[in-house]
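Report on the following structure.
The figures here come from the full heavy-atom set of this structure, side chains too, leaving out hydrogens, waters and symmetry mates.
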Amino acid sequence: MIEITQIEPKEIIKGCKGRFIHAERFTVGFWEIEVGAVIPLHSHKHEQTTQVTEGEFEMTINGITNLYKAGSMVVIPSNVVHGGKAITNCTITDVFCPVREDYK
């Protein structure tokens, strides 16, 4: 069993702290994001799902911007440009495949 709250958080981007679980083929990230924090537009080889579990998060994916609220989920294919901004304090769960070696 893994207690998520016992994992040391890492501030990957200012205002974005993540706790990560790495399996053999994927990484799960549990994020706490402060209101106003911005994740710049970027892309990576990893396929990604993003689920907002609390709050509101505005994401731009492949040039299209949407507001995601608690209970929303989106799939981001490999190498697609995406980024976002926390409209409120929020928690987000990401799954990345393959493993995010840079988050270890």
Donor-acceptor pairs are to be reported for all side-chain atoms of residues 95-102 against protein atoms at under 3.5 Å, with residues two or more places apart or in another chain.
unit_1	atom_1	unit_2	atom_2	d
R100	NE	D102	OD1	2.9
R100	NH2	D102	OD2	2.7
R100	NH2	Y103	OH	3.4
E101	OE1	K104	NZ	3.3

Can you give me every donor-acceptor pair (side chain of residues 51-61, partner residue at least two apart or in another chain, under 3.5 Å) with its distance?
unit_1	atom_1	unit_2	atom_2	d
T53	OG1	T91	O	3.0
T53	OG1	T91	OG1	2.6
T60	OG1	T65	OG1	2.6

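F26 CZ: 12 or fewer foreign heavy atoms inside a 6.0 Å radius.
Considering only heavy atoms from C-beta on, K10 stays 4.5 Å or farther from K17 through its side chain. By the 4.5 Å heavy-atom criterion applied to side chains, Y68 and V74 are counted as neighbours. For the pair I39 and C16, the minimum side-chain heavy-atom distance is below 4.5 Å. Counting heavy atoms from C-beta on, the side chains of Q48 and H82 come closer than 4.5 Å. When side chains are defined from C-beta on, I2 counts as touching I21, because their heavy atoms get closer than 4.5 Å. At least one side-chain heavy atom of I33 sits less than 4.5 Å from a side-chain heavy atom of I92.
Distance check, rounded to the nearest 0.5 Å: CG of L67 to OG of S72 gives 7.5 Å. Within the model, atoms NZ of K69 and OG1 of T88 stand 10.0 Å from one another, a figure rounded to the nearest 0.5 Å. From K45, atom NZ reaches atom CD of E47 across 13.5 Å, with rounding to the nearest 0.5 Å.
Of the possible polar contacts, none joining the R19 side chain to the W31 backbone as a donor-acceptor pair under 3.5 Å is found. Between the side chain of E3 and the backbone N or O of I7 there is no donor-acceptor pair closer than 3.5 Å. Of the possible polar contacts, none joining the H46 side chain to the H44 backbone as a donor-acceptor pair under 3.5 Å is found.
Annotation: side chain to side chain donor-acceptor pair (under 3.5 Å) contacts of T27 (sequence neighbours excluded): H22.
V81 and I13 fall into different hydrophobic clusters, where Ile, Leu, Val, Met, Phe, Trp and Tyr residues are linked whenever their side-chain heavy atoms come under 4.5 Å apart, directly or through other members.
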Full working for side-chain contact (heavy atoms from CB on, under 4.5 Å) between T49 and D94: CA-CA 5 Å; T49 62; D94 283 339; over 6 Å; no
